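Notes follow the structure.
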There are 2 protein chains.
Amino acid sequence: MIRIVVVDDHDVVRKGVISYLETEEHFDIVGEASSGHEGVITVLNKRPDVVLMDLMMENGSGMEATKAIKEALPECKVIILTSYYDDEQVFPVLEAGAFSYLLKTASAEEIVAAIEKAYHGETVIEPKVAHKVMTRFHRKDPELHEQLTEREREVLICLANGASNQEIADQLFIGIKTVKTHVSNILRKLDVHDRTQAAVYAHRHQLIKSS
Amino acid sequence: MIRIVVVDDHDVVRKGVISYLETEEHFDIVGEASSGHEGVITVLNKRPDVVLMDLMMENGSGMEATKAIKEALPECKVIILTSYYDDEQVFPVLEAGAFSYLLKTASAEEIVAAIEKAYHGETVIEPKVAHKVMTRFHRKDPELHEQLTEREREVLICLANGASNQEIADQLFIGIKTVKTHVSNILRKLDVHDRTQAAVYAHRHQLIKSS
DNA sequence: TTTTTACTCCGTCTTTAGTAGGAGGTATGT
DNA sequence: ACATACCTCCTACTAAAGACGGAGTAAAAA
């Protein structure tokens, strides 16, 4: 089952796409949203495998939503489904983390195929823009946590098990001040704003086994 | 591969048990410790499937360690391997979360079998005490998070995605004071001390998909 | 109807977390 | 000899989290 969320502010389009996708037995539409902001919340709660995202929406752009989703759920594939081809939009949204880029003129079969391919890690780009893209997006960004030192990794593991700074200090036999230094460095390197997000990061990236 | 940690303050016993267990190809001794306190840390970091735990240890009892492990990693099976049969000890340690209870007089084959059974969810209790136990430990404790209200669950999901109180307030369209109230109630109901532990709880119990 | 539960919000207080910047020690490699 | 990276600890500050107690509302259950 491929878990899917559809984000489009045009109700008719959204409902239509959904009802069609539902005819596919191995698709599971776990959520829908009518704005980028709603979309992010829905995606965070439902944690789908694939997101179908409209680029041009009234309140809250699909681009920002894509960026937010990509940051929070790097494994989640966002497929941009846009009304028209715009050179200005393509690259920013791909940089934002979009996985595939389709036009709404695509056939239903093409969209189904794109979802399946995305699920298996294969990108589909509209032919018109494909060649412009192929060159630039084969660099996978290095996992952020690879920047961490050994000690920082140890601290992160304790932190991600729910330990307070004082408890980490006790477990690693260092001062709480030192722990704070490490934590600050971890937060900076992982690009998160507090320890809870760092703990979430650790669990999402399986630095900690979750079950 | 069954991942195992051995905790025993008697070096000879510990080393002996380990070297025997290592002859089993499908066993992976991922850690060892010589005290309950060390044991907890090792288990949290290594996250084994099964823990062999001595009950009577000098510094830090196996009972407290068992309790700590069970709280942090409910899926981790702790097998108590004790020197003698003591009515006073059996029930507390089983209540603390021990999964099986063996005497050190057990044969190596019995221990191996107990590990394999524990891994597959089957409890082994020393015959002498088995009948006393069978009656009392078939109640599975209710998942703590079932006590949460709908709203609290929503808050927990946001929290476990790394949101601050203010961000939760914005997402749910309520005041930050209200969020604080909910968070306090969540912490109490989940029996944790801060939001990071609550986030960890949510990920461990799969209230949030972790990947 | 009364009671209970859930959700909302408030003020006050204490503790913890996190930032910023500096600083000394120890490796390690250039 | 020098530079770099890491680990350690420090002070001082600000912001956030959390505890505690109180309180109003609405809906559901007794």
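The structure presented is a predicted model; accordingly, all values stated were derived computationally and were not measured. Quick note on labels: first sequence line is chain A, next is B, and so on, each numbered from 1.
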**Message:** Between P on D:dA17 and CD on A:Gln197, what's the gap in Å once rounded to a whole number?
**Reply:** 10 Å
**Message:** Would the distance check show the side chain of B:Thr42 and the main-chain N or O of B:Glu38 forming a donor-acceptor pair, the cut-off being under 3.5 Å?
**Reply:** yes
**Request:** Report the C-alpha distance between A:Val6 and A:Val51 in whole Å, list the side-chain angles of each, state the deciding distance to 0.1 Å, and finish with yes or no for side-chain contact (heavy atoms from CB on, under 4.5 Å).
**Result:** CA-CA 6 Å; A:Val6 179; A:Val51 178; over 6 Å; no
**Minimum side-chain heavy-atom gap B:Glu75-B:Leu73 below 4.5 Å** = no
**Prompt:** With the sugar-phosphate defined as primed atoms, P, OP1 and OP2, and the base as all remaining atoms, what B/S/- string results for nucleotides 19-24 of chain D, 5' to 3', for protein heavy atoms under 4.0 Å?
**Reply:** S-----
**Request:** Mind calculating the distance between NZ (A:Lys189) and C1' (D:dC7) to the nearest angstrom?
**Result:** 11 Å
**Asked** Any donor-acceptor pair under 3.5 Å linking the side chain of A:Arg153 with the backbone of A:Leu148?
**Response** yes
**Request:** Between C:dG18, D:dG18, D:dT8, spot the one nearest the side chain of A:Arg195, thanks.
**Result:** C:dG18
**Message:** Working to the nearest 0.5 angstrom, can you tell me the gap between B:Gln197 CD and B:Ile186 CD1?
**Reply:** 14.0 Å
**Item:** Relative orientation of the end axes in the helix from C:dT1-D:dA30 to C:dT30-D:dA1, expressed as an angle to the nearest 10° (five pairs per end)
**Value:** 40°
**Message:** Can you confirm whether the side chains of A:His26 and A:Glu116 place a donor and an acceptor under 3.5 Å from each other?
**Reply:** yes
**Complete:** Expected list for residues 162-178 of chain B near DNA chain C, using heavy atoms below 4.0 Å, is B:Ile174, B:Gly175, B:Lys177, B:Thr178
**Fill in**
From CD1 of A:Ile186 across to C1' of D:dC7 the rounded distance in Å is 13 Å
**Prompt:** Got A:Val183 and A:Thr181 here, is their nearest side-chain heavy-atom distance under 4.5 Å?
**Reply:** no
**Message:** With a 3.5 Å distance limit and no angle check, can you tell me whether A:Lys70 reaches the backbone of A:Cys76 through a side-chain donor-acceptor pair?
**Reply:** yes
**Item:** B:Asn161 side chain to A:Arg204 side chain, donor-acceptor N/O pair below 3.5 angstrom
**Value:** yes
**Message:** Rounding to an integer number of Å, can you tell me how far B:His182 NE2 sits from D:dA17 P?
**Reply:** 15 Å
**Request:** Indicate yes or no for a side-chain donor-acceptor contact from A:Asp49 to the backbone of A:Arg3 under 3.5 Å, with no hydrogens or angles considered.
**Result:** yes
**Item:** Distance in angstrom units between A:Asp194 CG and C:dT19 C1', rounded
**Value:** 14 Å
**Prompt:** For B:Glu154 and B:His182, does a side-chain donor sit closer than 3.5 Å to a side-chain acceptor?
**Reply:** no
